[in-house]
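First comes the structure, then the notes that go with it.
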Amino acid sequence: MNKLKTLMTAAVAASLSVTAFTAQARDFRLGLITPQPHIWTQEAEGFAETLAERSGGEHSVSIFPAQQLGNEAQMVQQLQAGSLDMAFLTLAEISNRIPDFGALYAPFLVEDIDQAAALLRSEAATDLLEAMPAQAGLVGVGYGMAGMRQILSRAPIETAEDLSGLKVRITPFDPIRDFYVATGAAPTPLPLPAVYDALANGQVDAIDMDYDSIRLIKFYEQADNLVIANHMMFPMVAVVSGRVWAQLDGEDRELIRSAMAEHADNVMTHFQEHHEAWGAELRQQDITVTEIGPDFFADAIADWEAIWAPKAPSLTRLRETAAELAD
């Protein structure tokens with residue numbers, strides 16, 4: 001009788017152990033705004049593979065690209081509610097909620113793609129992530145990017161005055177809106193999938209975009225004037241829902257943090273490695289290419305600074321760090 005009782009106890013304990021292990025297994029959902037071929041989506045899929053491998057198949061990640069789960073504002077709401085587990089987001093929506101992140105969009109904060117990547121890997125930038133749980137209900141695990149911003153337009157832009165009244169497609173967030181308002185343009189928020197047709201039908205006159213997206217989606221077919229400005233970097237942040245994070249044990253948190261940060265950083269490396277080649281590829285198209293520098297936007301930069309310096313106290317530290325990196 002005692003032997004039978006012992007066997008039954010062992011069987012129940014084993015069953016509970018299996019149940020506990022199974023309960024920890026998760027199929028996470030990760031949302032993005034980028035289309036399937038985009039490097040963000042590719043690295044999100046790479047993260048899913050890495051997490052499955054390192055967890056011994058315990059965890060999996062389902063990827064939802066191209067705004068399948070909604071725009072970034074909607075995905076942030078889902079993350080806050082815990083109905084979406086993870087996302088690769090532009091810092092646009094985050095800066096709308098935590099203005100200090102707007103400092104990363106300061107015009108000409110960095111000179112080139114390598115300095116941008118180095119700044120995003122610095123303590124000055126990573127320390128900003130500490131504000132996300134309390135102020136946005138998200139856990140930021142690392143940065144990626146979408147390259148440096150350029151302007152592609154239907155009509156030539158030869159002087160700063162040519163931007164006056166121009167409908168420029170932007171990602172909908174305050175720092176970049178304020179910059180284009182300062183130039184005299186009419187910033188026009190549009191989701192990425194709608195941009196090609198908007199250029200084609202004249203809904204917008206120009207777009208603020210990086211080399212990779214311009215070439216990948218072939219926006220130059222509808223606008224044949226490229227202004228190479230490198231006027232802003234465009235960070236991405238890999239995030240986990242704060243509610244979901246609270247449900248994870250320390251081991252799973254570290255597993256997710258390390259794998260997700262690794263693939264976000266791969267995005268930066270990818271842009272660093274290909275930036276010059278993508279620019280050269282665009283120069284070979286049948287388009288007009290103009291290169292400009294900070295002087296072109298001098299008045300707009302001053303106006304932007306007046307708005308954002310008080311709202312983004314981290315700007316001073318970021319500028320100091322960027323200057324050190326330039327040296």
Self-check item: Check: V204 and V195 side chains under 4.5 Å, non-hydrogen atoms
Solution: no
Quiz item: Any salt bridge (charged side-chain N to carboxylate O under 4.0 Å, His left out) pairs touching residues 141-157, not counting sequence neighbours?
Solution: R149-D208, R149-D210
Practice problem: Provide the closest heavy-atom pair for L104 versus L91 in the form atom of the first, atom of the second, distance. | Solution: CD1-CD1, 3.4 Å
Practice problem: Grab the two heavy atoms, one from V244 and one from G82, that are nearest each other, plus how far apart they are. | Solution: CG2-O, 4.1 Å
Quiz prompt | Linked, directly or transitively: W304 and V181 (ILVMFWY side chains, under 4.5 Å) | solution = no
Quiz item: Counting only heavy atoms not in D286, do more than 12 fall under 6.0 Å of its CG?
Solution: no
Self-check item: A261 backbone acceptor or donor facing D265 side chain under 3.5 Å
Solution: no
Self-check item: Ring centre gap for Y105 and F179 strictly below 6.0 Å
Solution: no
Self-check item: Test item: T316 and E320 side chains (from C-beta on) under 4.5 Å apart, heavy atoms
Solution: yes
Quiz item: Taking the side chain from T188 and the backbone from A186, do they hold a donor-acceptor pair closer than 3.5 Å?
Solution: yes
Quiz item: Can you tell me if Q74 uses its side chain to pair, donor with acceptor, with the backbone of N71 under 3.5 Å?
Solution: yes
For residues 107-116, please give each side-chain donor-acceptor pair under 3.5 Å, one per line with the distance, not counting sequence neighbours.
from : atom 1 : to   : atom 2 : distance (Å)
D112 : OD1    : D114 : N      : 3.3
D112 : OD1    : Q115 : N      : 2.8
D114 : OD1    : Q272 : NE2    : 2.9
Q115 : OE1    : E111 : N      : 2.8
Q115 : NE2    : A322 : O      : 2.7

Quiz item: Taking the side chain as C-beta and beyond, is there a heavy-atom pair between P187 and V168 under 4.5 Å?
Solution: no
Quiz item: Going through the distances and angles, do T290 and N225 end up as a side-chain hydrogen bond (donor to acceptor under 3.5 Å, both in side chains)?
Solution: CA-CA 8 Å; T290 305; N225 296 275; over 6 Å; no
Self-check item: Shortest non-hydrogen separation from A48 to I63 and the atoms involved
Solution: CB-CD1, 4.4 Å
Exercise. Please check if any side-chain donor atom of R29 sits under 3.5 Å from a side-chain acceptor atom of Q78, or the reverse.
Key: no
Quiz item: Backbone N or O of M209 within a donor-acceptor pair of the S213 side chain at under 3.5 Å?
Solution: no
Quiz prompt | Any donor-acceptor N/O pair, Q150 side chain to Y211 backbone, under 3.5 Å | solution = no
Quiz prompt | Flag, side chain of S95 to backbone of P99, donor-acceptor distance under 3.5 Å | solution = no
Quiz item: Looking at side-chain heavy atoms only, is the closest gap between P313 and L315 below 4.5 Å?
Solution: no
Quiz item: So, the side chain of Y143 versus the backbone of A125: is there a donor-acceptor pair under 3.5 Å, distance only?
Solution: yes
Quiz item: Taking the side chain as C-beta and beyond, is there a heavy-atom pair between N230 and H275 under 4.5 Å?
Solution: yes
Self-check item: Contact check, side chains of V139 and M132, non-hydrogen atoms, under 4.5 Å
Solution: no
Exercise. Could you label the plane-to-plane angle of the H38 and F271 rings as parallel, tilted or perpendicular, counting under 30° as parallel and over 60° as perpendicular?
Key: tilted
Quiz item: Is it the case that R215 places NZ or CZ above or below the six-membered ring of Y220, under 6.0 angstrom from the centre and within 45 degrees of the axis?
Solution: no
Quiz item: Between the main-chain N or O of L51 and the side-chain N or O of H59, is there a donor-acceptor pair closer than 3.5 Å?
Solution: no
Practice problem: Work out which heavy atom in L166 is nearest to a heavy atom in A206; give both atom names and the distance. | Solution: CD2-CB, 4.1 Å
Practice problem: Among I33, V239, L32, find the residue that satisfies the side-chain contact (heavy atoms from CB on, under 4.5 Å) test when tested with L89. | Solution: V239
Quiz item: Got a salt bridge between E262 and R54, using NZ or NE/NH1/NH2 to carboxylate O under 4.0 Å?
Solution: yes
Quiz item: Judged by atom type as modelled, is there a donor-acceptor pair below 3.5 Å linking the side chain of T41 to the main-chain atoms of T34?
Solution: yes
Quiz item: Looking at K311 and D174, does any basic side-chain N land under 4.0 Å from a carboxylate oxygen?
Solution: no
Exercise. Give a yes or no on this: more than 12 heavy atoms of other residues, nucleotides or ligands lie within 6.0 Å of atom CD of E221.
Key: yes
Practice problem: Indicate yes or no: at least one non-hydrogen side-chain atom of T171 is less than 4.5 angstrom from one of P189. | Solution: no
Quiz item: When you check the side-chain N and O atoms of T288 and D224, is any donor under 3.5 Å from an acceptor?
Solution: no
Quiz prompt | Polar contact flag, side-chain donor to acceptor under 3.5 angstrom, T90-E72 | solution = yes
Practice problem: Please work out whether the ring planes of H274 and W278 are parallel, tilted or perpendicular, with thresholds of 30° and 60°. | Solution: parallel
Quiz item: For the residue pair L318 and A103, what are the closest heavy atoms and their distance?
Solution: CD1-CB, 3.6 Å
Practice problem: Mark yes when over 12 heavy atoms from residues, nucleotides or ligands other than R319 sit less than 6.0 Å from its CZ; otherwise mark no. | Solution: yes
Practice problem: Indicate yes or no: at least one non-hydrogen side-chain atom of T321 is less than 4.5 angstrom from one of L119. | Solution: yes
Exercise. Go through the side-chain N and O atoms of D85 and S241 and say whether any donor and acceptor fall under 3.5 Å apart.
Key: no
Practice problem: Check for a donor-acceptor pair, side chain of Q80 on one end and backbone N or O of A136 on the other, with a separation under 3.5 Å. | Solution: yes
Practice problem: Kindly check if the number of other-residue, nucleotide or ligand heavy atoms within 6.0 Å of CD (Q247) is above 12? | Solution: yes
Quiz item: Can you tell which of D178, D303, D100 makes a side-chain hydrogen bond (donor to acceptor under 3.5 Å, both in side chains) with W308?
Solution: D178
